[in-house]
Novice: 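Pasting a structure here, questions to come.
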Amino acid sequence: MKLLIIGGGMYVKGSQFNENGTIIPSIIESIKEKNIDQVGFVTTSNKSADECIKISKKLSRFLKVKINPKTFLKFKSNSKVSYKKAIKEFKPDATIVVTPDHTHYKICKDVILSNSNLLVVKPLSNKAKEVKKLVNLIKNRRKIYQVEFHKRLDEANLTLKKFIFEKKLGDLKYCVIEYSQKKIIPETFFKNWADKSNSFQYLGVHYIDLIYFMTKFKPVRVWAWGQKGYLKKKGINTWDAVQATVEWRSKSKKFFSYIITNWIDPNNSSATSDQKINFVGDKGRFYSDQKNRGIFTVSDQNNFSHLNPYFTNLNLSERYFFDGYGVKNIKNFIKNSKENKNINFNLKTLNSTFYESIISTKVIEAVNKSLKNKSKVIDIK
Ligand SMILES: NC(=O)c1ccc[n+]([C@@H]2O[C@H](COP(=O)([O-])OP(=O)(O)OC[C@H]3O[C@@H](n4cnc5c(N)ncnc54)[C@H](O)[C@@H]3O)[C@@H](O)[C@H]2O)c1
């Protein structure tokens with residue numbers, strides 16, 4: 001089982017706020033479970049590909065995972081198309097695409113055509129036309145194709161889904177979502193590509209996918225508002241904050257979601273992600289503060305901070321291991337790819353995140369269109 005990772009940034013190998021990233025910890029756990037034999041890294045610079053290998057080896061040693069010298073391979077990474085050579089040489093069985101949003105379409109297309117299983121981080125694309133083309137391309141190919149919408153596996157969200165399913169909220173009326181991240185992310189980590197994205201595309205998209213996943217209502221209309229200033233002054237021409245109202249319908253029923261996003265929170269914020277969801281129906285309300293999960297810490301070394309031990313977490317029990325809904329999602333993809341002969345290839349079940357991406361992408365596209373057109377109301381077909 002050969003796994004290729006395309007991209008070597010924050011989500012793969014971590015940052016000052018997220019020590020080990022999410023992809024590398026999931027790989028180490030999958031090696032432990034004998035679901036991977038070799039891992040290849042390809043990015044756009046040899047430096048980041050080397051760092052990926054260094055961190056992978058360091059974590060393997062720490063977790064006492066046996067690896068042979070050829071477990072981690074680097075492919076010559078010096079251009080935006082180095083990944084093509086890596087695919088050709090390595091012939092991966094499974095590939096994870098973790099590159100900036102605007103590169104997903106082209107890279108995913110090449111991965112699909114290479115006959116590899118594919119997991120891509122969200123959003124699959126910010127253009128509905130591209131998602132449709134990719135969905136057409138995967139039809140009749142007996143492979144796993146998934147978009148890494150890890151919030152579908154967060155127990156807090158699954159509890160909300162159950163409440164909605166059991167009709168404990170009654171008829172849904174509205175939900176308010178607030179999701180923001182620190183300004184260092186667009187300003188420093190995504191400096192090269194933040195102008196091709198915005199806080200709604202980067203953060204809000206998670207909740208569009210989640211609302212669809214939980215309710216099965218479809219988005220029909222969008223209004224969006226945005227504010228520019230801070231990032232523009234830093235030479236990054238994108239919105240500091242975006243708010244969107246989405247109307248959702250199912251037969252004669254409808255509700256509204258109000259999604260408020262920014263990526264200019266203070267770097268001293270007590271968590272990288274500040275997110276809250278409040279769902280209201282005519283029989284009840286469900287409120288979840290996904291930043292304050294009841295754990296905070298402060299020390300001589302660190303400011304006051306809220307911890308989320310349920311996403312990607314290093315557990316120091318008798319045997320050290322990583323787990324959490326972030327890790328679980330990626331491990332599932334790797335395991336499914338390994339076992340893909342026994343899988344029921346139904347686009348609407350196993351590959352639902354890929355197939356259903358058309359919904360979240362249509363909303364991103366409508367929000368971007370509304371922002372460009374003075375907050376015009378945009379209908380979604
Ligand atoms: N950071 C997170 O917490 C997070 C979580 C979920 C999803 N994502 C998504 O993951 C993607 C990447 O995010 P990140 O935080 O790792 O970004 P990043 O800017 O830290 O890293 C991007 C990486 O992609 C590589 N890259 C760019 N173009 C490439 C190409 N043509 N071929 C090979 N490599 C290429 C760069 O070399 C870099 O290593 C984005 O789509 C983002 O929305 C990020």
Side-chain angles (χ1 to χ4, degrees), residues 4-26 40-53 55 74-87 90 95-111 119-126 146-154 179-182 184-207 209-210 236 238 261 263 271-275 308 311-312 324-327 329-330 353 357 360-361 364:
L4 180 66
I5 309 298
I6 305 180
M10 187 164 100
Y11 203 45
V12 174
K13 63 177 174 20
S15 68
Q16 68 198 83
F17 297 124
N18 169 2
E19 235 182 319
N20 305 304
T22 293
I23 305 287
I24 290 180
S26 314
F41 291 98
V42 62
T43 72
T44 44
S45 83
N46 280 317
K47 188 171 168 268
S48 58
D50 279 334
E51 280 167 6
C52 290
I53 294 189
I55 293 171
K74 177 186 83 173
F75 291 92
K76 206 169 174 196
S77 300
N78 52 16
S79 84
K80 288 184 179 160
V81 289
S82 303
Y83 76 88
K84 288 192 187 196
K85 267 191 161 177
I87 293 175
F90 191 49
T95 304
I96 304 183
V97 175
V98 205
T99 57
D101 302 3
H102 61 283
T103 64
H104 293 173
Y105 170 68
K106 180 80 193 57
I107 299 178
C108 287
K109 192 173 158 204
D110 290 332
V111 172
L119 175 70
V120 52
V121 287
K122 55 76 205 162
L124 180 50
S125 163
N126 62 2
Q146 291 172 350
V147 179
E148 202 258 345
F149 277 120
H150 51 251
K151 291 193 194 298
R152 288 188 179 204
L153 275 77
D154 180 343
Y179 191 1
S180 54
Q181 289 197 349
K182 298 178 181 186
I184 195 170
I185 291 179
E187 207 179 320
T188 306
F189 298 142
F190 299 170
K191 196 170 185 218
N192 295 333
W193 60 276
D195 65 343
K196 297 190 178 59
S197 182
N198 59 55
S199 59
F200 187 88
Q201 183 174 313
Y202 176 57
L203 303 172
V205 62
H206 269 301
Y207 282 90
D209 178 69
L210 199 59
I236 300 169
T238 189
T261 64
W263 52 0
T272 305
S273 277
D274 190 343
Q275 41 186 328
N308 175 4
F311 178 47
T312 303
Y325 55 87
V327 170
N329 198 25
I330 295 162
T353 48
S357 269
S360 48
T361 294
I364 296 178

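All residue numbers in this chain count up from 1 along the given sequence. Counting starts at 1 for both ligands and their atoms, following the listed order.
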Novice: Looking only at protein heavy atoms, which one is nearest to atom 29 (C) of ligand 1, and what is the separation?
Specialist: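 Here the nearest protein heavy atom works out to Thr44 CG2, 3.4 Å.
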Novice: Between Val121, Ile24, Thr312, which is the residue that forms a side chain to side chain contact (heavy atoms under 4.5 Å, CB included) with Tyr11?
Specialist: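 Among Val121, Ile24, Thr312, the one that satisfies the side chain to side chain contact (heavy atoms under 4.5 Å, CB included) with Tyr11 is Val121.
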Novice: Of the listed options (Phe41, Phe75, Phe190), which comes nearest to atom 15 (O) of ligand 1 when hydrogens are ignored and any heavy atom counts?
Specialist: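 Minimum heavy-atom distance to atom 15 (O) of ligand 1 goes to Phe190.
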Novice: Between Lys122 and ligand 1, which residue portion shows a heavy-atom distance shorter than 4.0 Å: side chain, backbone, both, or neither?
Specialist: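 Contact part for Lys122 vs ligand 1: both backbone and side chain.
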Novice: Do any heavy atoms of Ser45 fall under 4.0 Å from ligand 1?
Specialist: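 Distance cut 4.0 Å: Ser45 fails for ligand 1.
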Novice: Quick test of your reading of the structure: of Gly7, Ala49, Cys52, whose heavy atom lies closest to atom 25 (C) of ligand 1?
Specialist: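 Among Gly7, Ala49, Cys52, the closest heavy atom to atom 25 (C) of ligand 1 comes from Gly7.
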Novice: Would you say the ring centroid of Phe41 lies under 6.0 angstrom from that of Phe75?
Specialist: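 Between Phe41 and Phe75, the centre distance exceeds or equals 6.0 Å.
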Novice: Where the closest heavy atom to atom 21 (O) of ligand 1 is concerned, which of Ser48, Gly9, Gly8 has it?
Specialist: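 Ranked by closest heavy atom to atom 21 (O) of ligand 1, first place is Gly9.
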Novice: Can you tell me which residue and heavy atom of the protein come closest to atom 20 (O) of ligand 1, and the distance to 0.1 Å?
Specialist: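 Of the protein heavy atoms, Met10 N, 2.9 Å lies nearest.
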Novice: Any heavy atom of Ile107 closer to ligand 1 than 4.0 angstrom?
Specialist: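 Right, Ile107 reaches ligand 1.
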Novice: Please classify the Tyr11 to ligand 1 contact at 4.0 Å (heavy-atom distances, strictly less than): side chain, backbone, both or neither.
Specialist: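 Both the backbone and the side chain of Tyr11 come within reach of ligand 1.
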Novice: Look only at interatomic distance and state if His150 has a nitrogen or oxygen under 3.5 Å from any nitrogen or oxygen of ligand 1.
Specialist: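 Among all N and O atoms of His150, none is under 3.5 Å from an N or O of ligand 1.
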